[in-house]
Amino acid sequence: MKTVQYIIEEPCHEDWAKMKPEAKGRFCEACSKTVVDFSVMSDFSIVNYMTEKKDESVCGRFRPEQMEKTYSLSVPHRSFSFDLKAVALGLALTTFSAIHVNAQVTPVDTTQVIHQEPLDGMVSVIERYDHTNERFTSGVLLLYGEPYKFVKVILMDEQGKEIAASLVDSNGKFRILLDWSKKPYKLMIDGPGLRPDVYFLDYYKSITNWEITVREEEPIYMGFVCPKPAIKSSTKP
């Protein structure tokens, strides 16, 4: 069984919070390249992605424990046997199911859109919302379900220029007026011990009375990913 470890030999220090979101991660303007967010992927998805891109340079973002792991490159083999009786039974069940479905057709309301969180490997389509009629954005910041206070919330344009800012009050609440002539585009939440997060206004159906869960800062490695054959530890008899 072949195994591999993924290593970032030269960590990158570009600001993740300032990068533009994409389906697989965020786009880095400094390198004109997508930084793949492996930190939210399963082991299988990481190996699958890196295998597909084996002839390309990949820039990625990992949690420390992911970089300490050994990943298996083996692909399970499936054996198929032909059984005439099983085929006949399958055809019969398929026919019965088709008759049953055709007899119980339920009208579907196509005016409603069902939103589902994208799974690893799926390309997500981000729906945009128009908020130009909104006069302000507001909300409350939570950490472990409790209001998180005295954090700065910054309103920026698409280029990352600060338009306005607000300190969260003692109840974890903030409120920022929106001047659409300055093209407000995103909120950045940052504070000591917190992971910087960006919220794009047009990605959310409502931008008032938000409940935003902040996350504590954790070590993250980012840079070009180098696959290395895993070294087996030797054991003495």
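Annotation: side chain of Phe38 is in contact with side chain of Met50 (closest heavy-atom distance under 4.5 Å). Side-chain contact check for Tyr203 versus Arg128: some heavy-atom pair is nearer than 4.5 Å. Contact annotation: the side chain of Arg26 approaches that of Trp16 to within less than 4.5 Å [non-hydrogen atoms, C-beta and beyond]. Residues Leu178 and Ile207 form a side-chain contact, since some pair of their non-hydrogen atoms from C-beta on lies under 4.5 Å apart. Considering only heavy atoms from C-beta on, Leu141 comes within 4.5 Å of Val153 through its side chain.
Remark: Phe44 CZ is loosely packed, at most 12 non-hydrogen atoms of other residues, nucleotides or ligands lying under 6.0 Å away. Glu162 CD: more than 12 foreign heavy atoms inside a 6.0 Å radius. For Glu10, the CD atom counts as loosely surrounded, since its 6.0 Å shell holds 12 or fewer non-hydrogen atoms of other residues, nucleotides or ligands.
There is no path of hydrophobic side-chain contacts, each under 4.5 Å, that joins Ile189 to Leu167.
In terms of heavy-atom proximity, Ile8 sits nearest to Met67 at N-CE, 3.2 Å. In terms of heavy atoms, Met41 sits closest to Lys24 at CE-CD, 3.9 Å. Between Asp157 and Lys182, the shortest heavy-atom contact is CB-O, 4.0 Å. Closest of all the heavy-atom pairs between Trp210 and Tyr199 is CZ3-CB, 3.7 Å. Taking every heavy atom of both residues into account, Lys186 and Val198 meet most closely at CD-CG1, 3.7 Å.
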Would you mind writing out the side-chain donor-acceptor pairs for residues 52-59 within the sub-3.5 Å range, not counting sequence neighbours?
{"from": "Ser57", "atom 1": "OG", "to": "Lys33", "atom 2": "NZ", "distance (Å)": "3.4"}

All N/O donor-acceptor pairs, side-chain side in residues 168-177, below 3.5 Å, sequence neighbours left out:
{"from": "Asp169", "atom 1": "OD1", "to": "Asn171", "atom 2": "N", "distance (Å)": "2.8"}
{"from": "Asp169", "atom 1": "OD1", "to": "Gly172", "atom 2": "N", "distance (Å)": "3.1"}
{"from": "Asp169", "atom 1": "OD1", "to": "Lys173", "atom 2": "N", "distance (Å)": "2.9"}

Report the C-alpha distance between Glu158 and Lys20 in whole Å, list the side-chain angles of each, state the deciding distance to 0.1 Å, and finish with yes or no for salt bridge (Lys or Arg N to Asp or Glu O under 4.0 Å). CA-CA 9 Å; Glu158 191 168 358; Lys20 194 169 184 177; 3.3 Å; yes
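Qualifying ring pair (Phe, Tyr, Trp, His ring centres under 6.0 Å) partners for Tyr185, counting only residues two or more places apart in sequence or in other chains: Phe200.
Without hydrogens or angle criteria, Thr34 side chain to Val36 main chain gives no donor-acceptor distance under 3.5 Å.
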